[in-house]
Amino acid sequence: MNAAPFNLDLTLESGQVFHWEKIGPGEWRGLIGETPVCIQSRCGEVFAEPHDVELVWNYFSLDHPLEEIYRDFPTDATSQAALSACRGLRIIRQPRWECLATFITSSMKQVAHIRAMSLEIRRRFGRKVVGSPTNAYPSPEALAACTESDLRACGLGYRAKNLVATAREVASGRVDLAAIAQLETPALRAALECLPGVGVKVANCVLLFAYERLDAVPIDVWIGRILLAMRRGRSGTATQLARYARRRLGPYAGYVQQYLFHHARVSPKFTP
DNA sequence: CGCCAGGGTCTCG
DNA sequence: CGAGACCATGGC
């Protein structure tokens, strides 16, 4: 299938999903939900095994209008540098529970360790998938049945309590992750923030990565520093930075944020 | 060893 | 609303 521009490496290395394994140049193995997939991208052409176009197209958001998004990119030097470095990076449509759960574990953790925790949670509590070395992400029910110390054994530390509590909210049906997709963004954000371990930042990650709200801007320490630098010294509280991001990053602010984040993180000489 | 990481929550001005 | 303390863990 043809999907230019699409850069698989950038997409899978930009801290959105944490379970894919690189098995060759531009070639990755992982799971889309519970379906094991091998995928390779060359020159805008995508090859996937199994050849399930619909599944791959949807997961990697190959329908997102990247050229239109690029036309709306901010014109400042920082954003344009991030754009030329990350062209072809796409915001993935993640399964909702998987996204919510992994970002609850993400607080004050580096990407590499989020990955390690996520893989351990899959290994211990996820359903085995034939043809995949990686297990599926455990269901809300499976994690709801865990104790806090079960999850501490996966390296979660104080995050274990929140993950179990949120799993129980979802498994019990008190929160329906599919039903709330119909809500407008402010109401959806509020619903997510009611869950234990979900604050402003994690809610925005879930809005962007699992609910297709492409204007949602997660502000972590990296993006915080970048926005502060873009504001030229004017000091910024969290609310000021959020307002600035909403005003300056345009209709696809979430995309811009993801490009800024990844570019900064892989630039050895990044000093805001 | 000290510092930092895709923060949330509670308390106190 | 804003600032601070506290929460665990691993990498460098």
Side-chain angles (χ1 to χ4, degrees), chain A residues 10-20 82 86 89-92 94 98-121 124 146-169 175 189-211 213-214 216-229 234-245 249 253-272:
Chain A
L10 289 171
T11 300
L12 290 176
E13 286 167 347
S14 63
Q16 304 181 56
V17 285
F18 304 93
H19 66 286
W20 289 80
C86 300
L89 193 168
R90 288 178 185 260
I91 301 288
I92 291 175
Q94 291 186 45
E98 187 178 315
C99 179
L100 171 62
T102 56
F103 277 97
I104 285 174
T105 69
S106 75
S107 83
M108 295 304 292
K109 281 292 182 189
Q110 297 183 136
V111 170
H113 197 222
I114 300 169
R115 172 183 168 82
M117 289 185 294
S118 165
L119 290 176
E120 187 62 12
I121 289 172
R124 290 194 185 222
C146 289
T147 65
E148 182 181 336
S149 73
D150 286 338
L151 291 177
R152 278 181 182 261
C154 299
L156 269 68
Y158 63 85
R159 304 158 192 82
K161 187 181 207 169
N162 290 330
L163 184 52
V164 173
T166 290
R168 289 178 182 164
E169 288 298 297
V175 172
R189 175 181 287 115
L192 291 169
E193 287 179 1
C194 288
L195 294 166
V198 181
V200 179
K201 192 272 178 180
V202 171
N204 278 317
C205 284
V206 177
L207 286 169
L208 178 60
F209 299 138
Y211 285 94
R213 309 303 162 104
L214 300 184
V217 179
I219 301 180
D220 70 328
V221 290
W222 292 87
I223 295 296
R225 283 197 292 258
I226 293 167
L227 292 176
L228 207 52
R234 292 194 299 155
S235 76
T237 63
T239 25
Q240 286 176 316
L241 289 183
R243 188 167 42 233
Y244 178 79
L249 301 188
Y255 253 97
V256 178
Q257 169 278 149
Q258 192 64 13
Y259 281 47
L260 289 170
F261 172 77
H262 188 62
H263 182 49
R265 236 172 49 81
V266 298
S267 293
K269 58 174 176 56
F270 175 72
T271 48

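Chain naming here is simple, since letters A, B, ... match the order of the sequence lines and numbering starts at 1 in each. Everything numeric in this text was worked out from a predicted model, so none of it was measured.
- Side-chain N or O atoms of A/E193 include none that pairs as donor or acceptor with a backbone N or O of A/V198 at under 3.5 Å.
- Contacts of A/R152 classified as salt bridge (charged side-chain N to carboxylate O under 4.0 Å, His left out), with partners at least two apart in sequence or in another chain: A/E148.
- Listed for the A/R124 side chain is no donor-acceptor partner under 3.5 Å among the backbone atoms of A/L119.
- Listed for the A/Q240 side chain is a donor-acceptor partner under 3.5 Å among the backbone atoms of A/T237.
- Using modelled atom types and a 3.5 Å distance limit, the side chains of A/S107 and A/Y158 yield a donor-acceptor pair.
- In this structure, the side chains of A/I219 and A/N204 stay at 4.5 Å or more apart for every pair of heavy atoms.
- Between the A/Q16 side chain and the A/R90 main chain, a donor and an acceptor come within less than 3.5 Å of each other.
- Formation of a donor-acceptor pair under 3.5 Å by the A/R225 side chain with backbone atoms of A/W222 is not found in this model.
- When the C1' atom is used for both B/dA5 and C/dC7, the distance is 14 Å, rounded to whole Å.
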Protein heavy-atom contacts under 4.0 Å, written 5' to 3' over nucleotides 5-13 of chain B as B (base), S (sugar-phosphate only) or - (none), form the string BBBSS----

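- In the 5' to 3' direction, nucleotides of DNA chain C lying under 4.0 Å from heavy atoms of chain A begin and end at C/dG2 to C/dG11.
- B/dC3 and C/dA5: their P atoms are spaced 15 Å apart (whole Å).
- Of the C1' atoms belonging to B/dC4 and C/dA8, the separation is 14 Å, rounded to the nearest Å.
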